[in-house]
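As a basis for the values below, the full set of heavy atoms in this structure was taken, side chains included, without hydrogen atoms, waters or symmetry mates. Quick caveat, the model's predicted, so the values are computed rather than measured.
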Amino acid sequence: MGIPAGAGRLLGSGRTADVYALDDGDDHGGLDDHGGPGGGAWVLRRYRDGYGDAPTEAAVMEYVRGHGYPVPRVRAAEARPRTDLVMERLYGPTVVEALVAGQLTAGEAGLALARLLRDLHAIPARRSTDPAVRVLHLDLHPENVLLTPAGPMVIDWANTDEGPPGRDWSMSAVIVAQVAVDDDLRAPLAEEMLSALLADCPDPALLTGPDGGLGWATGQRAANPTMSPREVELLGEAGELIRRLLD
């Protein structure tokens, strides 16, 4: 599948998708974005290997944006394939990049994630009429939050679904905890971030109660084909760390 006319350079690649610049002739004053300086106001996110449902992802993003949640604008799907999502190009570092640069502390990063989860779960579900069900991101971690001049913006809604908020809190916690328990120079910062995230959780039972989401999130991560064997191996220790911090 070729790149559409007008697409520019590759800005970045993740586990399941590539992001390309779509040049509109605006260099944004030379400001840096997540992929570097220059380029247009829109980007193309193209999924690989059968992943992705861009129309659904776009619909959820537009829905939460309509409720004031900070996400990039998306363009109408037109005749694009289901693998292609065109969205507003954002300028600014990820939370991880800002943390490494000393622009915020690990505690501040954890609180920022908690605030974004709280705000998301204040939005009614898009499809379900069950008042206990909310829109979930299910991949809200420090590399999926960009710190733009307009404030934090949440990207990568590929895993979005509806369900109990505890699943979202648990998934974010597990992702951060996997770094915290790994043999990684970032581990102490990740644990501090996780501690701040969990301290701002409205109820520990969302994760570890009888209907908590921690077991579900761990199972989802274990079954995720993009996880490395090492990442799967860390899930047990990650869950133990989360429970310890919640005690």
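In this structure, NE2 in His67 is found 13.0 Å from CG in Asp119, a value given to the nearest 0.5 Å. We find the CG-CZ distance between Leu194 and Arg244 to be 10.0 Å, quoted to the nearest 0.5 Å. Separating the CZ atom in Arg118 from the SG atom in Cys201 is a distance of 7.5 Å, to the nearest 0.5 Å.
Comment: Asp84 does not engage Arg45 in a salt bridge, judged by the lack of any side-chain N to carboxylate O separation of less than 4.0 angstrom. In summary, Arg127 and Asp161 engage in a salt bridge, as defined by a charged side-chain N under 4.0 Å from a carboxylate O. For the pair Asp53 and Arg82, the salt-bridge criterion is met [side-chain N within less than 4.0 Å of a carboxylate O]. Look at Arg230 and Asp182 and you find a salt bridge, because one of the NZ, NE, NH1 or NH2 atoms lies within 4.0 Å of a carboxylate O, short of that distance.
Heavy-atom contacts from other residues, nucleotides or ligands closer than 6.0 Å to CZ of Arg186 number 12 or fewer.
Heavy atoms only, all atoms of each residue included: Glu162 and Arg126 are closest at OE2-N, 2.8 Å.
For the side-chain contact (heavy atoms from CB on, under 4.5 Å) test with Val145, the passing option among Leu113, Thr94, Val96 is Leu113; the others fail. His137 pairs in a side-chain contact (heavy atoms from CB on, under 4.5 Å) with only one of the listed residues (Thr160, Asn159, Asn144), which is Asn144.
Checked by atom type and distance alone, the side chain of Arg134 pairs as donor or acceptor with a backbone atom of Pro131 at under 3.5 Å. The backbone N or O of Trp157 sits less than 3.5 Å from a side-chain atom of Glu57, completing a donor-acceptor pair.
Of the N and O atoms on the side chains of Ser195 and Glu192, not one donor lies less than 3.5 Å from an acceptor on the other residue. Under the 3.5 Å distance criterion, with hydrogens and angles disregarded, no donor-acceptor pair is assigned to the side chains of Ser128 and Asp130.
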